[in-house]
Amino acid sequence: MKIHCRPITIGLALWLLCTSGQAQEMSTHHAERIISLAPHITEMLFAIGAGQQVVAVDKASDYPTQAKDLPKVANYRSLNMEQLLALEPDLVVVWGSAQQQMVQPLAQLGIPIFYSDPATFAKLNEELNQLGALTGHASQAAEVAARYQQQIDELTQAYQDASPVTVFYQIASTPLMSANASTWMGQAINLCGGINIMADSPAPYPQLSPEQVLAHNPQVIMAKSTEELAHWQQWPALRAVENQHLLTIDAQLMHRFTPRTPQGIRQLCSQLDKARSD
């Protein structure tokens, strides 16, 4: 079958986008002055060896520790345009689904932008390799992506026959917020043999009432801290409360989709094992 391709620009690289859905790099010059506008992006850039090329980050980027000392040019909702332009970036990496509107003025100025939005396990692998190509660290990025994928594969194998456990995954308490099956948190629950009670929500990150959780009566409720879970104690008949399955996860590992996420998934799986053993 003949495959038709057309050239497109992603950041600084020229790629061939083929009808097969695969993008193949043709030529590139590597970014030397990179600005990251989201914590997961900063972590990915450092993980693939491009940390020394990062000249600024957003205010929430705190990992690795080197990122804390870099200039802060943005938060989740706003951008210091003057400070950013003064740093003369040759690549700005942004969170596509959350920051696309915010960076439109940069695009209009001709500043190369890469939109990061890894929604699936496979997409994170793909983005690591794309960032490697854009930054001149293709080999190291490929190694990081391979280690990440190996961990995902090992966890998938280990939990493919795990007995099901119903789970409410609490991202935030005010407002009460969860994640559906399309998110990486939802995918992680499924990988671990969990049944996400909000899997079928039409919104990726639905807001809901406690009554909706009570109606599902999950075996496990998970959140980032015991403080976030404390309000469920007012319903002692809830299975997760009655069986003491109000369990915590490391939010930095689970709420930021990065090469460290398999560590968070392993922790999540281990927490669900507690419910299985009781």
When you group the ILVMFWY residues by side-chain heavy-atom contacts below 4.5 Å and let the links chain together, are [Y] and [X] in the same group?
X: L229; Y: M222; value: no
X: I265; Y: F168; value: no
X: V103; Y: I111; value: yes

State the [atom1]-[atom2] distance between [X] and [Y], to the nearest 0.5 angstrom.
X: H255; Y: I249; atom1: NE2; atom2: CD1; answer: 4.0 Å
X: Q99; Y: S116; atom1: CD; atom2: OG; answer: 9.5 Å
X: T65; Y: D69; atom1: OG1; atom2: CG; answer: 7.5 Å
X: T248; Y: M254; atom1: OG1; atom2: CE; answer: 12.5 Å
X: N190; Y: N196; atom1: CG; atom2: CG; answer: 9.0 Å
X: F114; Y: S36; atom1: CZ; atom2: OG; answer: 12.0 Å

Is the [atom1] atom of [X] crowded by more than 12 outside heavy atoms at less than 6.0 Å?
X: E82; atom1: CD; result: no
X: Q83; atom1: CD; result: yes
X: K72; atom1: NZ; result: yes

Could you tell me which non-hydrogen atom of [X] sits nearest to which non-hydrogen atom of [Y], and how far apart they are?
X: A223; Y: E228; value: CB-CB, 3.9 Å
X: A275; Y: V220; value: CB-CG2, 3.5 Å
X: Q140; Y: A47; value: NE2-O, 3.6 Å
X: P218; Y: I197; value: CB-CG2, 4.2 Å
X: K274; Y: L247; value: CD-CD2, 4.4 Å
X: L37; Y: M102; value: CD1-CE, 4.4 Å

Mind telling me whether H231 and W235 have parallel, tilted or perpendicular rings, with 30° and 60° as the class edges?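 Perpendicular: the ring planes of W235 and H231 meet at over 60°.
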Tell me whether the rings of W184 and F257 are parallel (<30°), tilted (30 to 60°) or perpendicular (>60°).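 Geometry flag for F257 against W184: parallel rings.
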Exam field: side chain [X] to backbone [Y], donor-acceptor pair closer than 3.5 Å:
X: Q170; Y: S178; answer: no
X: T42; Y: A38; answer: yes
X: N243; Y: H245; answer: no
X: K68; Y: P64; answer: no
X: Q219; Y: V167; answer: no
X: D90; Y: E32; answer: yes
X: T258; Y: E43; answer: no
X: Q233; Y: V241; answer: no

Take N129 and I48 through the test side-chain contact (heavy atoms from CB on, under 4.5 Å) and record every step on the way to the result. CA-CA 9 Å; N129 284 297; I48 65 172; over 6 Å; no
side-chain hydrogen bond (donor to acceptor under 3.5 Å, both in side chains) evaluation trace for H30 with Q53: CA-CA 10 Å; H30 303 132; Q53 293 148 259; over 6 Å; no
In chain order, what residues pass the side chain to side chain contact (heavy atoms under 4.5 Å, CB included) check against T183, with sequence neighbours excluded?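 With sequence neighbours excluded, T183 shows a side chain to side chain contact (heavy atoms under 4.5 Å, CB included) to A179, N180, M185, P204, Y205, given in chain and number order.
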Which residues satisfy the side chain to side chain contact (heavy atoms under 4.5 Å, CB included) test with R276, sequence neighbours excluded?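 Partners of R276 under the side chain to side chain contact (heavy atoms under 4.5 Å, CB included) test: Y159, A162, S163, V165, L272, D273.
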Transitive ILVMFWY cluster of [X] at side-chain heavy atoms under 4.5 Å: who else is in it?
X: Y63; answer: none
X: L253; answer: none
X: I195; answer: none

Salt bridge or not for [X] and [Y], using N-O below 4.0 Å?
X: E88; Y: R33; answer: no
X: R256; Y: D62; answer: yes
X: E242; Y: R239; answer: no

Less than 4.5 Å apart, any side-chain heavy atom of [X] and any of [Y]?
X: L191; Y: C269; answer: yes
X: S61; Y: L70; answer: no
X: I171; Y: L176; answer: no
X: V54; Y: I35; answer: no

Would you give me the side-chain donor-acceptor pairs under 3.5 Å for residues 141-154, sequence neighbours excluded?
| unit_1 | atom_1 | unit_2 | atom_2 | d |
| --- | --- | --- | --- | --- |
| Y148 | OH | F121 | O | 2.8 |
| Q149 | OE1 | N125 | ND2 | 3.2 |
| Q149 | NE2 | D153 | OD1 | 3.0 |
| Q150 | NE2 | E154 | OE2 | 3.2 |
| Q151 | NE2 | R147 | O | 3.4 |

